[in-house]
Each structure stands twice: as C-alpha cells, then as structure tokens.
Asker: 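Here it is, the structure, as structure tokens.
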Amino acid sequence: MTIVYIISAPSGSGKSTLVNEVRRLVPGLDFSVSYTTRAPRGSEQNGREYYFVSRADFTAMVRKGEFLEHAEVFGNNFYGTSRRFLREATQKNHDLVLDIDVQGAKQIREQLPDAVSIFILPPNRETLEWRLKNRSEDSAEVIQRRLATAYREIANYGEYDYILVNDRLEQAADELKAVVLSERLLRPGQELTEEEKRLSVMAERCRLVNMRERVKPILDSFHDVAG
Ligand code: ADP
Ligand code: 5GP
C-alpha cells in the first residue's frame, strides 16, 4: 500500500530543502510535481519543481477532473496535485510526498484518511523573514504577503500528525527521514532492528501531542506581529 505523506509549511520554512534531502536519502519515495499558474522563480524548471501552466490550461484540467486536490494559494495563483502521480506511485509500490498547502491537505485527508501529514515550522518569525529575504527570489511585496499568510497557515498546525521545527537543517532532515521511515515500519509484521527502533523514537518525539510546548513560543512570535 502506498503511503501518502502530506508536507505543509509556511513559504520559506525550508520545506523544499528538507524534502529534497529526504528524497535523496530514502529509496522508493516519489514526489508529486504540482501544477501551478504562478511564474517560475530563479532556477526553477518546468516539470522539476512544478508544471507551470496558464490559467486556461489549469481550468481545463479542473474541468476534466485531473486533480486530486487544487486550491488558490496567496489569493492570486492556483496550485493542484495531479492524480497521475498517485496512480504511478501505486503501480511502482512506491510511497508519495505531496508538498501542498493547508487547504490542499484538508482535501487530501477527506479522500485519503490514512495519509500521514507533517507540518514544518521555522524556529520563529524573524528567521522566516530572514530566510525569505536571503533566498532573494521574491520581491519585497511578495515576501510581505507570504509573511502575512504565514500566521494563518501556522494556526492550522493542530491538524497535522507530526510537527518538525526546521532550526538546524541536519537535525530537521534526520527527523523528517525518521518520520517517513517509521511510518513504513508501522506496517504489520515488522521486526524492528536497533536502528529502526531509534528512528521510531525520534519520530515519536515529533508527534503533535509531544510538540505542543515547543510550538507555543513559535506561534507567539507570529502572533505578536499579526496582532
Ligand atoms: P520553502 O520550500 O519552505 O519555501 P526553501 O527550502 O526554499 O523554503 O528555504 C528557504 C531558504 O532558507 C532557502 O534559501 C534555504 O536554503 C534556507 N534554509 C532552509 N533550511 C534552512 C536551515 N535549517 N537553516 C538555514 N537556512 C535554511
Ligand atoms: P511556492 O509558490 O512557494 O512554491 O508555494 C506556495 C504554496 O503552495 C506552498 O505552501 C506549497 O506547499 C503550496 N502548493 C504547492 N503545490 C501545491 C498543490 O498542488 N496544491 C496545493 N493545495 N498547494 C500547493
């Protein structure tokens, strides 16, 4: 059975960096390349980060039922997950990562209740702003819009199974890898090795119930600014 991992985070939290790292480290993990109406950024390539399509093409795909979920993100662009990637991952007996926003995550949970959801948080608002600016790929206006949206997105963290704080990249990548692998180990009839037990313990620490105290000051750092 294909495991679907939903990964959400406010823009600039380091989600793409972490997902790329985990794809490199974990075999049998496919990545769903979304369709979007936004313009490519910097070094992004069509078919690698996204399929960049016109509004007309996007609307035609919606009409034909080609999306598993789709949403308008930041109030000006559409993003959608094609059904094709889930079909192909299932045929290959691979698992699948979806990098989607909180609205998309809701739609997927309704259709695939066994999907595993992971929310990635920056250590605080200041760091998020710094990373967005330092990435140097968005205008000041776009960055401000993304920061304003961040608080609303973060407020949904309680709907996710696991919470990761991307402070030190190496640790966050290890935790994401642990969550992905430990979910595979939950499949019945598995005898765990010592290394697998270690990963399961690391993943368990990232479960929502065990992260509430860690999340509170992060949320406050956004709330103080959001007012
Ligand atoms: P997202 O996909 O969430 O929008 P990116 O992966 O593009 O975010 O990361 C945003 C910026 O922050 C990039 O310049 C990236 O290199 C940097 N970054 C990511 N994780 C860390 C980290 N743990 N520490 C410092 N910088 C990071
Ligand atoms: P960005 O423009 O920074 O690449 O992504 C903006 C937001 O859109 C991110 O939160 C990302 O997770 C989300 N996103 C990317 N692809 C999809 C998708 O197919 N569906 C939905 N609902 N959100 C997506």
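As the structure lists them, so they are numbered: ligands from 1, and atoms in each ligand from 1.
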Asker: Closest non-hydrogen protein atom to atom 2 (O) of ligand 1, residue and atom name please, with distance?
Answerer: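 For this ligand atom, the closest protein heavy atom is S16 OG, 2.4 Å.
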Asker: Heavy atom under 4.0 Å from ligand 1: found in D167's side chain, backbone, both, or neither?
Answerer: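 Looking at D167 and ligand 1, just backbone atoms fall under 4.0 Å.
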Asker: Identify, with sequence neighbours excluded, every residue that meets salt bridge (Lys or Arg N to Asp or Glu O under 4.0 Å) alongside R48.
Answerer: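 Not a single residue meets the salt bridge (Lys or Arg N to Asp or Glu O under 4.0 Å) criterion with R48.
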Asker: List, ordered by chain and residue number, the protein residues whose closest non-hydrogen atom lies under 4.0 Å from any atom of ligand 2.
Answerer: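 Ligand 2 pocket, heavy atoms under 4.0 Å: A9, S11, K15, S34, R38, R41, Y50, E69, A71, V73, F74, Y79, G80, T81, D99, I100, D101, G104, R146.
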Asker: Quick one: list whatever passes salt bridge (Lys or Arg N to Asp or Glu O under 4.0 Å) with R84, sequence neighbours left out.
Answerer: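 Salt bridge (Lys or Arg N to Asp or Glu O under 4.0 Å) list for R84, sorted by chain: E88.
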Asker: Considering heavy atoms of the protein only, find what lies nearest to atom 24 (N) of ligand 1 and give residue, atom and distance to 0.1 Å.
Answerer: R131 NH2, 3.2 Å
Asker: Relative to the heavy atoms of S11, which atoms of ligand 1 are at a distance of less than 4.0 Å?
Answerer: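 Near S11, meaning under 4.0 Å from one of its heavy atoms, ligand 1 has 4 (O).
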Asker: Distance alone, cut at 3.5 Å: any donor-acceptor contact between the side chains of E66 and S82?
Answerer: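 Judged by distance alone, the side chains do not pair up.
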Asker: Would the Y157 and F119 ring centres measure less than 6.0 Å apart?
Answerer: no
Asker: Can you tell me the protein heavy atom closest to atom 9 (O) of ligand 1 and the distance?
Answerer: G14 CA, 3.5 Å
Asker: Please determine whether any non-hydrogen atom of S13 lies less than 4.0 Å from an atom of ligand 1.
Answerer: yes
Asker: Could you tell me which residues satisfy side-chain hydrogen bond (donor to acceptor under 3.5 Å, both in side chains) with T37, sequence neighbours excluded, listed by chain and number?
Answerer: N77
Asker: Do E21 and R24 meet the salt-bridge criterion of a basic N to acidic O distance under 4.0 Å?
Answerer: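 E21 and R24: salt-bridged.
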Asker: Just checking, is any N or O donor in the side chain of E69 or Y79 under 3.5 Å from an acceptor N or O on the other one?
Answerer: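 There is no such pair (donor and acceptor under 3.5 Å, judged by atom type) between the side chains of E69 and Y79.
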Asker: Please confirm whether L169 comes within less than 3.5 Å of ligand 1 when only nitrogen or oxygen atoms on both sides are compared.
Answerer: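 Yes, there is a polar N/O contact under 3.5 Å.
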Asker: Any side-chain donor paired with an acceptor under 3.5 Å for N124 and E126?
Answerer: no
Asker: Taking NZ, NE, NH1 and NH2 as the nitrogens, is one of them in E129 or R125 under 4.0 Å from a carboxylate oxygen of the other?
Answerer: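 Yes.
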Asker: Measuring from the heavy atoms of G12, does anything fall under 4.0 Å of ligand 1?
Answerer: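 Yes.
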Asker: What's the shortest distance from atom 13 (C) of ligand 1 to any protein heavy atom, and which residue and atom give it?
Answerer: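 Of the protein heavy atoms, R135 CD, 4.1 Å lies nearest.
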Asker: Within the structure, does T17 bring an N/O atom to less than 3.5 angstrom of an N/O atom in ligand 1?
Answerer: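 Yes; the residue has a nitrogen or oxygen that sits under 3.5 Å from a nitrogen or oxygen of the ligand.
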Asker: Which protein heavy atom lies closest to atom 3 (O) of ligand 1, and at what distance to 0.1 Å?
Answerer: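 Here the nearest protein heavy atom works out to K15 N, 2.8 Å.
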Asker: Yes or no: does N166 have any heavy atom under 4.0 Å from an atom of ligand 1?
Answerer: yes
Asker: Between E49 and Q45, do the side chains contain a donor N or O and an acceptor N or O under 3.5 Å apart?
Answerer: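 Note: Q45 and E49 side chains miss the donor-acceptor criterion.
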Asker: Does ligand 1 have an atom that lies less than 4.0 angstrom from a heavy atom of V19?
Answerer: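 V19 does not count as a contact of ligand 1 under the 4.0 Å cut-off.
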Asker: Taking the six-membered ring for Trp and the full ring for Phe, Tyr or His, determine whether the centres of F58 and F67 are under 6.0 Å apart.
Answerer: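 When the ring centroids of F58 and F67 are compared, they turn out to be within the sub-6.0 Å range.
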Asker: Is there a donor-acceptor contact under 3.5 Å linking the side chains of Y160 and S8?
Answerer: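 Yes, a side-chain donor-acceptor pair sits under 3.5 Å.
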